[in-house]
Colleague: 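Structure incoming, see below.
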Amino acid sequence: MDKRIFPQPIESIVYPDAYSRRSFTDAAEAVAELKALYERNTAFLRDAFEKLAAGGPVARYRAFYPEIGVQISTYTQVDSRLAYGHVAAPGYYSTTVTRPDLFESYLTEQVKLIMRNHGVPVTIGESETPIPLHFAFREDSYVEAGAAERIERPLRDLFDVPALNDPDAGIAKGLFEPMPGEPMPLAPFTAQRIDYSLHRLAHYTATSPQHFQNYVLFTNYQFYIDEFCVMARETMARGGDGYTAFVEPGNVITRAGDTKPSEGASPARLPQMPAYHLVRPGHGGITMVNIGVGPSNAKTITDHIAVLRPHAWLMLGHCAGLRNSQALGDYVLAHAYVREDHVLDDDLPVWVPLPALAEIQVALQEAVAEVTGLSGYDLKRIMRTGTVATIDNRNWELRDMGGPVQRLSQSRAIALDMESATIAANGFRFRVPYGTLLCVSDKPLHGELKLPGMATEFYKRQVAQHLRIGLLAVEKLAQMPPERLHSRKLRSFSETAFQ
């Protein structure tokens, strides 16, 4: 006879006090209500956990994410130039919300656009999506290791836990089909998906999501990060030049006017993809991430940064030049991509084209011209515009070259790397404006590799110039209104109102 003791099921569920849905005609007031409701419900779960850990009565505790909704009763003619801020047809639209403190400016702007373009109020209430206990704790919370061990029941018996599958993934893919009577989505990401990514960002980059800026640079070499850090520290020492702080892994913060950090502690070892942030008010500064080598890293980090809804992300890194006419140190501005990275094949079919975005391309080309002093036809001496191929095999040149070289030639590719097409594809997939400017560091098809000693000098010279170009391009993009930068090219037939 089985003598194991099976705990009795918990039949009662304890909720916070009932919340009555409320209507708002002021965006700031609506977001303030979201913040208050979110804090109330997450505090309820934290308090319940502490009571159970202290030996309190056993029960199941549940609280729900806040929800923002809007009823559109008529078809509305809006400015056809706008990529977001409106819906296409009448109906009820809603989205769950997390961390409204972090997304306050974003939410306020999106709600304001809905009110302006449709002339309707929004409602704030509780959703039907429970908040997992793990996501109820603040970023700076410390949960004693033995606290959960003092609770005799498994946590999933007492609280909701994260659901690792994403039933709402079709929203971001543009494939969402609502069931009869189900609301249409108002935003591309739901609260639990965002919470998951916020936790992953802190893990992978060793910086808090609150420090991420709206303009993101990705690189595949630490040399770029080293140069960025030198530049950022010099900027802080000069007084900031419009930037207010520089944040490094471990949330180490150097403020404008200072020469040393004033808070935070460097981690014992760098995380997988360390992030560095040159902060401006309103998240208007620059985040730079060393994603390392490979399309898997590129997909992972962009999967998570996308929930922050940045205004643009750009790839700055090294590549293999595929044309004999290229020289080491030349630049490649990607206008198209060959996707042989494969990590996004199940999410975005390879037959989907990734269009070049005019605003990004112009900013990058103008930045190259200004930094190098070349323009017009002379610019072609050091920069080529064309197709970049991204591959998942770092040692591709060691294989039989017949197949790969033939495909590269047929595609008219001019450069090859391991990250750019992945970053562009996820930008397209998540409606984040994207671009790529690479620097030719070798030409394996033509037997031109850097000799010992050449590499060090090459990196010193080219990395500094390449980074200045990237930073100047970002400054140009930051001067554009977001509604101009977010391209209609990235929107599907049925889109969410929130950017």
Side-chain angles (χ1 to χ4, degrees), residues 205 215-229 231 272-276 286-302 305 312-322 326-341 343 354 360-361 363-365 367-368 371 382-397 413-427 434-444 449-450 455-456 458-474:
T205 70
Y215 302 91
V216 184
L217 297 177
F218 297 112
T219 187
N220 52 10
Y221 277 94
Q222 182 64 27
F223 301 103
Y224 287 84
I225 296 296
D226 294 342
E227 190 71 23
F228 183 68
C229 289
M231 182 275 299
Q272 185 175 347
M273 290 178 274
Y276 302 77
I286 303 167
T287 287
M288 191 162 195
V289 186
N290 181 3
I291 62 176
V293 176
S296 179
N297 278 3
K299 177 187 182 298
T300 296
I301 198 65
T302 49
I305 291 180
W313 59 40
L314 308 177
M315 176 66 191
L316 301 180
H318 290 170
C319 66
L322 300 179
Q326 291 170 303
L328 302 189
D330 281 359
Y331 294 112
V332 172
L333 177 58
H335 260 18
Y337 302 88
V338 173
R339 293 170 52 197
E340 294 203 2
D341 50 315
V343 297
L354 306 179
I360 303 289
Q361 302 300 98
L364 284 168
Q365 180 168 312
V368 173
V371 171
I382 63 160
M383 187 181 79
R384 288 193 65 152
T385 300
T387 297
V388 169
T390 291
I391 199 166
D392 57 1
N393 179 5
R394 177 61 185 85
N395 297 316
W396 61 277
E397 64 267 41
I414 60 173
L416 182 143
D417 78 344
M418 296 189 69
E419 300 86 22
S420 292
T422 313
I423 289 169
N426 247 2
Y434 52 85
T436 296
L437 182 71
L438 301 176
C439 180
V440 175
S441 62
D442 55 26
K443 295 165 56 183
L449 307 176
K450 295 183 292 295
T456 300
F458 172 80
Y459 290 134
K460 282 182 180 178
R461 181 181 69 254
Q462 288 303 127
V463 166
Q465 184 184 79
H466 196 183
L467 180 60
R468 288 201 305 274
I469 292 169
L471 295 175
L472 180 57
V474 164

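Please read these numbers as outputs of a predicted model, since none were measured by experiment. Excluded from the calculations below are hydrogen atoms, water molecules and symmetry mates; all remaining heavy atoms, backbone and side chain alike, are included.
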Colleague: For the side chain of W313 and the backbone of F218, is there at least one donor-acceptor N/O pair under 3.5 Å apart?
Modeller: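 Not a single qualifying donor-acceptor pair exists.
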Colleague: With a 4.5 Å heavy-atom cut-off, do N220 and M418 have their side chains touching?
Modeller: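 With C-beta onward as the side chain, the pair stays apart.
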Colleague: For Y434, which residues count as a side chain to side chain donor-acceptor pair (under 3.5 Å) partner, sequence neighbours excluded?
Modeller: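 Partners of Y434 under the side chain to side chain donor-acceptor pair (under 3.5 Å) test: none.
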Colleague: In terms of the angle between their ring planes, are H318 and Y221 parallel, tilted or perpendicular, with boundaries placed at 30° and 60°?
Modeller: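 Ring orientation of H318 relative to Y221: tilted.
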Colleague: Can you sort out the partners of Q361 under side chain to side chain donor-acceptor pair (under 3.5 Å), two or more places apart, ordered by chain and number?
Modeller: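 Listed in chain order: H335.
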Colleague: So do the side chains of L314 and L437 get within less than 4.5 Å of each other, counting heavy atoms only?
Modeller: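 A side-chain contact under 4.5 Å is absent here.
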Colleague: Given the rule in the side chain to side chain contact (heavy atoms under 4.5 Å, CB included) test, do C319 and V388 qualify, once you have shown the distances and angles that lead to the verdict?
Modeller: CA-CA 9 Å; C319 66; V388 169; over 6 Å; no
Colleague: Among D392, I423, I391, D417, which residue meets the side-chain contact (heavy atoms from CB on, under 4.5 Å) test with P295?
Modeller: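 With P295 as partner, D392, I423, I391, D417 yield a single side-chain contact (heavy atoms from CB on, under 4.5 Å), made by D392.
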Colleague: Determine whether a donor-acceptor pair (N or O, by modelled atom type, separation under 3.5 Å) exists between the side chain of T390 and the backbone of A421.
Modeller: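 Indeed, once roles are kept as given, a pair shorter than 3.5 Å links the two residues.
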Colleague: Please report the shortest heavy-atom distance between E227 and V463, naming the atom on each side.
Modeller: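 The answer is CB-CG1, 4.2 Å.
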Colleague: What is the minimum heavy-atom distance between Q462 and C439, and which atoms define it?
Modeller: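 The answer is NE2-SG, 3.9 Å.
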Colleague: Within the 4.5 Å heavy-atom criterion, are V289 and I305 side-chain neighbours or not?
Modeller: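 Of all side-chain heavy-atom pairs linking I305 with V289, at least one is under 4.5 Å.
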Colleague: Sequence neighbours excluded, which residues qualify as salt bridge (charged side-chain N to carboxylate O under 4.0 Å, His left out) partners of E340?
Modeller: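 Expected list: R407.
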Colleague: Between V440, T387, L416, which is the residue that forms a side-chain contact (heavy atoms from CB on, under 4.5 Å) with L322?
Modeller: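 Per the side-chain contact (heavy atoms from CB on, under 4.5 Å) rule, the option paired with L322 is L416, out of V440, T387, L416.
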Colleague: Which atom names give the shortest non-hydrogen contact between M315 and S420, and what distance separates them?
Modeller: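 Here M315 and S420 meet closest at CG-OG, 3.4 Å.
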Colleague: Report the distance from atom CG of L472 to atom CG of L467, rounding to the nearest 0.5 Å.
Modeller: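 Answer rounded to 0.5 Å: 11.0 Å.
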Colleague: Between D330 and R384, is the side chain to side chain contact (heavy atoms under 4.5 Å, CB included) condition met? List the steps.
Modeller: CA-CA 8 Å; D330 281 359; R384 288 193 65 152; over 6 Å; no
Colleague: Could you walk me through whether V293 and E419 pass the side chain to side chain contact (heavy atoms under 4.5 Å, CB included) test, one step at a time?
Modeller: CA-CA 7 Å; V293 176; E419 300 86 22; 3.9 Å; yes
Colleague: What verdict does the side chain to side chain contact (heavy atoms under 4.5 Å, CB included) test give for Q272 and T300, after you've listed the backbone C-alpha separation in whole Å, the side-chain angles of each residue and the deciding distance to 0.1 Å?
Modeller: CA-CA 11 Å; Q272 185 175 347; T300 296; over 6 Å; no
Colleague: Is a side-chain donor or acceptor of T219 paired with a backbone partner of L316 at a separation under 3.5 angstrom?
Modeller: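 Flag set: sc T219 to bb L316 pair under 3.5 Å.
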Colleague: Given T422, which of N297, D341, T302, I291 fulfils the side-chain contact (heavy atoms from CB on, under 4.5 Å) condition?
Modeller: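 The residue from N297, D341, T302, I291 that satisfies side-chain contact (heavy atoms from CB on, under 4.5 Å) with T422 turns out to be D341.
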